[in-house]
**Q** 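Take a look at the following structure, please.
In what follows, every chain begins at residue 1, and chains take the letters A, B, ... in the order their sequences are listed. What you see is a predicted model, and the numbers here were worked out from it, not measured in a lab.
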Amino acid sequence: MEPTVKKANYYFPEKEKRKRKSPEWEAFKKNKLGVASLVILIIFCLIAIFAPMLMPYDPLAQDMLNRLAGPSADHWLGVDPNGRDILSRIILGSRTSLIVGFGAVLVSSLIGFGIGMIAGYKGGRLDDIVMRFLDSIMSIPLLLFGVMVVVALNSSMLTLIIAIGIGLVPGCARVARGSTMELKEKEFIKSAISMGASDIRILLTHILPNITGALLVISTLHMTTVIMVEASLSFLGVGIQPPTPTWGNMIQDGFNFVRDQPGIAIYPGIALIIVSVSFNVLGDAIRDAVDPHIKKQRN
Amino acid sequence: MIKFIIRRLLIAIPTILLTITIIFFGLRILPGDPAVAMLGPEASPEAVEALREQMGLNEPLIQQYLAFLMDIVQGDFGDSLISGQSVSTQLFTNFPNTLLLAFTSIFFGCLIGIPLGIVSARKRDTVPDSSIRIVALLGISVPPFLFGIFMILIFSLMFPIFPSMGTGEGFWGQLYHLLLPSITLGLILSAALIRFTRSSMLDEINREYIRTARAKGVPEKLVIYKHVLRNSLIPVVTMIGLYITSLLSGAVLIETIFTRPGLGTLAIDAITNRDFPVLQGCLVLFTLVVQIVNLLVDISYSFIDPKIRPS
């Protein structure tokens with residue numbers, strides 16, 4: 001009798017839904033701010049990918065004669081205290097921010113969503129222990145957690161990604177756990193259980209597709225957090241080490257010369273703000289698109 | 001009620017213990033040898049060995065851990081590797097500065113954030129609302145250290161109104177030096193508060209009892225300030241409590257920018273000097289504060305909102 005059950009898609013209404021035009025995407029497209037931020041972020045990603053072709057100068061080459069020079073036709077954003085072209089360094093610095101951002105969010109999503117979904121689905125003692133453990137991680141400020149790990153190991157990009165990623169696991173787990181717990185009580189999950197579907201099957205094919213929206217929102221908003229923490233670590237001097245340009249260590253370089261040439265600190269700062277604002281706007285826009293209920297209530 | 005508080009206290013203890021354990025083992029997996037770090041790379045192996053013995057680094061890890069726990073219970077975090085001073089003393093002298101900065105910024109944050117959030121919710125979808133929301137969005141997207149630099153640039157260099165560093169002398173001097181850092185941190189907090197107050201108020205405005213109040217003919221001002229505001233501030237209070245974690249991170253950065261003594265500067269110095277006992281002490285103190293604040297928030301919550309009070 002098994003084939004009949006499989007054919008009757010009526011037991012799995014969400015599969016039908018996916019074939020239609022995604023209503024979330026339609027809703028998102030109507031949000032002009034959201035689309036604009038997505039475009040800005042795509043541009044920044046392209047800049048990061050094609051950085052070597054876009055940089056007008058070698059970002060490490062020192063031209064001591066032009067040291068601390070202001071913006072000019074040759075150097076659009078001026079020259080830093082070590083005689084390096086600021087625009088080129090900002091372009092290359094975008095790589096650090098975005099790689100660390102995507103990397104850390106990937107790490108935290110893979111671990112956090114997995115843990116959260118299992119904890120929320122299983123409940124009971126396991127849930128208690130896991131959440132207690134995550135609460136402890138959460139009570140260490142992310143910045144200090146990053147400092148601790150980076151000091152303990154080293155300040156390579158991989159360490160940064162893992163450190164910040166782990167620090168964000170509790171946040172991801174909480175969202176995944178909450179959505180899973182809510183969904184667990186729904187009829188279609190109960191019917192899947194009663195039909196003998198395995199836990200993994202239920203989690204991956206029934207729960208995951210239905211909570212993707214919520215997970216996407218938290219991941220997008222976490223991008224801002226990661227980029228800000230990475231910059232803060234660089235600023236404190238424990239992030240990626242010079243001469244590799246990052247927006248954080250460029251701001252730190254500039255901070256020492258803020259009296260004479262504030263631009264050195266401000267230009268990379270503006271790049272940082274544009275990217276983090278865009279991720280925040282994008283996150284809000286996705287939230288509004290995937291959860292029309294909230295949109296109606298709050299706006 | 002008392003039962004609830006006791007149960008909440010009992011939950012807090014394993015969490016604190018677990019956090020301390022994470023910090024202990026986190027710092028112990030360091031590849032560097034603290035004794036070498038302290039004596040420098042030229043030190044003779046005998047000297048390093050003697051110091052390791054003195055610091056108890058040769059004991060088994062479990063024994064070190066138990067000794068560490070016993071010391072913490074007695075409020076002893078060991079001595080600084082650099083200055084030789086007791087870590088507890090250093091924490092004790094620096095912590096009030098950070099606490100003062102955190103509290104004054106909460107004050108400024110509420111002073112600016114909550115009223116703007118109320119305005120934004122009441123004038124939903126108008127020009128003031130949109131502009132407030134854009135500013136708030138900018139506020140949560142700017143890293144504290146960058147915002148600190150902007151503030152110094154504007155209020156200390158372009159218009160020299162405030163000093164850009166130090167703590168100042170005497171009560172008024174200290175207050176004067178505190179103002180710019182705490183306004184900076186407060187503005188960052190206020191951005192989050194605006195967003196939270198706004199959405200919390202809009203949640204509440206759509207409730208049935210508000211419609212009832214309006215239908216009864218209660219004046220709009222009274223509906224907003226007596227019904228909506230009171231109920232929507234409950235989650236805002238919790239949020240301020242939970243924000244303490246980020247606020248402390250922010251304080252670390254702000255202290256560095258404004259070169260103010262405090263827990264943040266202490267921790268950063270400890271990192272550059274690889275002064276593990278001090279770093280350990282700072283981290284433990286941070287997590288203790290966060291846990292205590294969470295505890296207070298939970299308890300105060302049950303006082304404010306009888307619905308959550310367990311029977």
Side-chain angles (χ1 to χ4, degrees), chain A residues 33 128-129 132-154 221 224-225 227-232 234-238 247-248 251-252 254-255 258-259 262 265-266 268-270 272-281 284 294 296-299, chain B residues 11 14-23 26-32 124-125 137-138 140-147 149-150 152-153 157-158 164 198-199 202-203 206 244-250 252-253 256-257 264 267-268 270-272 274 279 282-283 286-291 294:
Chain A
L33 266 179
D128 276 349
I129 295 173
R132 194 66 46 221
F133 184 71
L134 293 178
D135 277 352
S136 333
I137 296 187
M138 222 176 184
S139 71
I140 309 177
L142 185 59
L143 186 71
L144 287 183
F145 184 78
V147 164
M148 200 172 96
V149 178
V150 169
V151 169
L153 299 170
N154 53 49
L221 295 177
T224 312
T225 317
I227 289 173
M228 275 162 62
V229 170
E230 187 273 322
S232 306
S234 286
F235 180 76
L236 292 175
V238 291
W247 292 342
I251 295 170
Q252 211 229 324
F255 182 50
V258 81
R259 265 163 219 280
I266 287 178
I270 289 173
L272 186 64
I273 293 175
I274 293 176
V275 171
S276 55
V277 168
S278 303
F279 273 114
N280 269 334
V281 173
D284 280 359
I294 288 184
K296 210 183 283 172
Q297 215 176 40
R298 299 208 167 146
N299 285 314
Chain B
I11 293 177
T15 314
I16 292 176
L17 199 65
L18 197 62
T19 321
I20 292 176
T21 312
I22 294 175
I23 294 171
L27 288 174
R28 284 310 175 285
I29 54 165
L30 293 169
R124 183 160 42 145
D125 291 335
L137 190 75
L138 271 172
I140 61 161
S141 310
V142 181
F145 71 93
L146 191 56
F147 193 57
I149 293 178
F150 284 142
I152 289 184
L153 206 57
L157 299 178
M158 279 165 67
S164 65
R198 180 178 185 276
S199 67
L202 291 181
D203 275 352
N206 292 330
I244 293 280
T245 324
S246 329
L247 206 63
L248 284 174
S249 300
V252 170
L253 291 161
T256 318
I257 294 270
I268 297 300
I271 290 161
T272 20
R274 302 211 128 222
L279 184 58
C282 290
L283 288 170
F286 265 121
T287 53
L288 279 180
V289 171
V290 171
Q291 289 294 341
N294 283 350

**Q** Any non-hydrogen side-chain atom of L279(B) less than 4.5 Å from a side-chain atom of L283(B)?
**A**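 In contact.
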**Q** Can you tell which part of I257(B) gets under 4.5 Å to a heavy atom of chain A, answering side chain, backbone, both or neither?
**A**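 Answer is both: backbone and side chain atoms of I257(B) are under 4.5 Å from chain A.
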**Q** At a heavy-atom separation under 4.5 Å, does V229(A) approach chain B through its side chain, its backbone, both, or neither?
**A**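 Interface part for V229(A): neither.
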**Q** Relative to chain A, which segment of L247(B) carries a heavy atom at a distance below 4.5 Å: side chain, backbone, both, or neither?
**A**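 Answer is neither: L247(B) stays 4.5 Å or more from chain A.
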**Q** If you count heavy-atom pairs under 4.5 Å with chain A, which of T256(B), L253(B), T21(B) comes out on top?
**A**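 Ranked by contacts with chain A, first place is L253(B).
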**Q** Which residue out of I16(B), L18(B), L138(B) racks up the most heavy-atom pairs below 4.5 Å with chain A?
**A**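 Option with the top pair count is L18(B).
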**Q** Looking only at non-hydrogen atoms, find the nearest pair between S232(A) and P143(B) and report the distance.
**A**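 It is OG-CB, 4.5 Å.
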**Q** Heavy-atom pairs under 4.5 Å with chain B: which of S276(A), G254(A), G248(A), P262(A) has the most?
**A**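 Sorted descending by pairs with chain B, the first entry is S276(A).
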**Q** Around atom CZ of F150(B), are there more than 12 heavy atoms from other residues, nucleotides or ligands closer than 6.0 Å?
**A**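 Correct, the count exceeds 12.
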**Q** Using ring pair (Phe, Tyr, Trp, His ring centres under 6.0 Å) as the criterion, list what pairs up with F279(A), not counting sequence neighbours.
**A**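 Counting only residues at least two positions away or on another chain, F279(A) forms no ring pair (Phe, Tyr, Trp, His ring centres under 6.0 Å).
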**Q** In terms of heavy-atom pairs under 4.5 Å, which option from D284(A), T224(A), V275(A) contacts chain B the most?
**A**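 The residue among D284(A), T224(A), V275(A) with the greatest pair count is D284(A).
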**Q** Applying side-chain contact (heavy atoms from CB on, under 4.5 Å), name anything that partners I270(A), two or more places apart in sequence or on another chain.
**A**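 So I270(A) forms a side-chain contact (heavy atoms from CB on, under 4.5 Å) with I266(A), I274(A).
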**Q** On a heavy-atom basis, which atom in Q252(A) and which in S234(A) lie closest, and how many Å separate them?
**A**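 Taking every non-hydrogen atom into account, OE1-O, 4.2 Å.
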